[in-house]
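Please read the structure below before turning to the comments.
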Amino acid sequence: MTGTQTKPNRFDVVIIGGALSGAATATLLLRETPSLRVLILEKSTAFTRRVGEATVEVSTYFLTHSLGLTRYLNETQINKNGLRFWFANQLTQTIDQCSEIGGRYLSRVPAYLVDRAALDEEVLRRAIALGAQIRRPATVQKVELVPGGEQNITFKIGDSVEEIQARWIVDASGVSALLARQNGWWRANTAHPTTAIWSRWKNVKDFEDPHLAKQFPKWAMQCYGVRGTATNHLMGDGWWAWWIPLKGGDVSIGVTFDQRLVDFPQDGAVGDRLKSFLMKHPVAQALMSEAEWTEGDVHWRKNLPYFSTTFAGDGFALVGDAAGFIDPFYSPGMDWISFTATRAARMILAQQGGESISEAVADYNRDFARSYERWFEGIYRDKYEYLGEFDLVKPAFLMDLGFYYLGVANQPFKRGEKALCEPVFSTTPSVPFYRFMRFYNRRFAQMARSRRARNALGQKNDRRAFMFGGYTFAAGSVFPIAKAIINWAWLEITEGWRTWFQSVPVAAHKPVAATVPEVA
Ligand SMILES: Cc1cc2nc3c(=O)[nH]c(=O)nc-3n(C[C@H](O)[C@H](O)[C@H](O)COP(=O)(O)OP(=O)(O)OC[C@H]3O[C@@H](n4cnc5c(N)ncnc54)[C@H](O)[C@@H]3O)c2cc1C
């Protein structure tokens, strides 16, 4: 620890942004070294509703084991029951005719559906209880980075502008990505032109609605779990929509689409357009006919993915969305927070403990750059090409999720918090898996493109159900992966051969996304 703590304008760590990634980093720092002077500067007076409402296995471990939120989550949020996917085509008129992928029973590894405004406020409250200071509403305007020295921060609070110094800056400013933009490190990921539109809705029917069960008894009895507390996904060509119930009754529903593939409706209020877009899907017709979007809570974000070319230096670290964002499919956002916040806290604590950290800084930059690139290439590049295809998503989902369970999610549960210092695909043993995942995801995208060219999309999207037993961390979970590989091999033999030697090019961008006004 340095000996200058007594100066009121001088801190050991200043954190820009007090939402989940910032407050979590403060918690990890103060839990380990309570004497650190940590200041959080947060722009908002109170958090409003935001996306990022489904945790997955790694982020659940982080929230429960690292941040100690189990009781809070159980008392105030909803237990999540896996992922479900719903597919439609011209033959599907009703919900029971949609092809479905999902668990037959409840999930065995915990996860939650969370109201992020409430959760983030609670994590911030706990960081303050541990000793973090907070200035709010305070907007950081400028940061002058001094490698190995004192960082200068200028922020606005009320009508006055203040300057403070800190040995470390943690940038947790989310999509504002303050340090990355200020220093010219911010890059758009133009290979993945996606847009998301969302709101919180009232009067959405439950999947377990008794009228539906009466109308479609066989369909209702196909699942022994609770369909409604999964993250449900409505799937279409080039798009998917999430469906997340929140404590208190609202449902978060939004769509993400690939701008190259989807024509989004152009006229009317954005909430109405979102509803009319979704209402083409029989699941929305069954559950959303009376639904109303929330005035003032309709959001639109274009060109979602971006990254920073620098993630850390001697005196600063980027965490959460301030470091980069790829895609919300499979809800990896809070996993990224778990890895970046854990690693940033360890690096800062090492320096504060007197260790030389030049190697830790270089490793931080290398590991998160690798992780971002491989995570994108292994799972997301061109994925939206095949998201509307039941028979392609089924093996892809089984492999994506299976490898996540056996290579990523099991790690913190079996090895503890130190596994959160190894971001996805950053270690040598993970490389063959990354390459394999990149290969099969490319192949499914190719098959879908070939179907599109032949006007043969969606032919298996009606009246099929894959009710999955669910993954665990046991070795037996390799069997569904093996079956999925056989399923994929069969698809290659029966139709994939068309693109073995000649690939179908990526579709051109549709101009429509540019015509929808930016709301938030
Ligand atoms: C459509 C969509 C769906 C998603 N769904 C999921 C999901 O289901 N699960 C999941 O895990 N993730 C999901 N994500 C990702 C998730 O929302 C983010 O990863 C997460 O919210 C990032 O948290 P954060 O704390 O890094 O940033 P934020 O939550 O954006 O917080 C940043 C904070 O910094 C403050 N701030 C900004 N600039 C300044 C400044 N200059 N001075 C002071 N304060 C400042 C802001 O006020 C804010 O409070 C989704 C993302 C999108 C786009």
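Numbering of ligands and ligand atoms starts at 1, following listing order. Because the structure is predicted, anything quoted here is derived from the model rather than measured.
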Report task. Compute the ring centroids of W240 and F397, then answer whether they are less than 6.0 Å apart. Result -> no
**Report entry** For ligand 1, the residues whose heavy atoms come within less than 4.0 Å (ordered by chain, then number)
**Finding:** I16, G17, A19, L20, S21, L41, E42, K43, F47, R50, V51, G52, E53, A54, R116, A138, T139, V140, A172, S173, G174, S176, L178, A196, W242, R301, G320, D321, F325, P328, S331, G333, M334, I337
Query raised in the report: Side-chain contact, heavy-atom cut-off 4.5 Å: D314 with W168?
Result: yes
Query raised in the report: Heavy-atom count around K247 NZ within 6.0 Å, excluding the residue itself: above 12?
Result: yes
Query - Option passing salt bridge (Lys or Arg N to Asp or Glu O under 4.0 Å) with E162 (candidates K156, R135, K142) - result: R135
Requested in this report: May I ask you to decide whether D363 forms a salt bridge with R366, counting only side-chain N to carboxylate O separations under 4.0 Å?
Outcome: yes
Query raised in the report: Would the number of heavy atoms belonging to other residues, nucleotides or ligands and lying under 6.0 Å from CZ of F433 be above 12?
Result: no
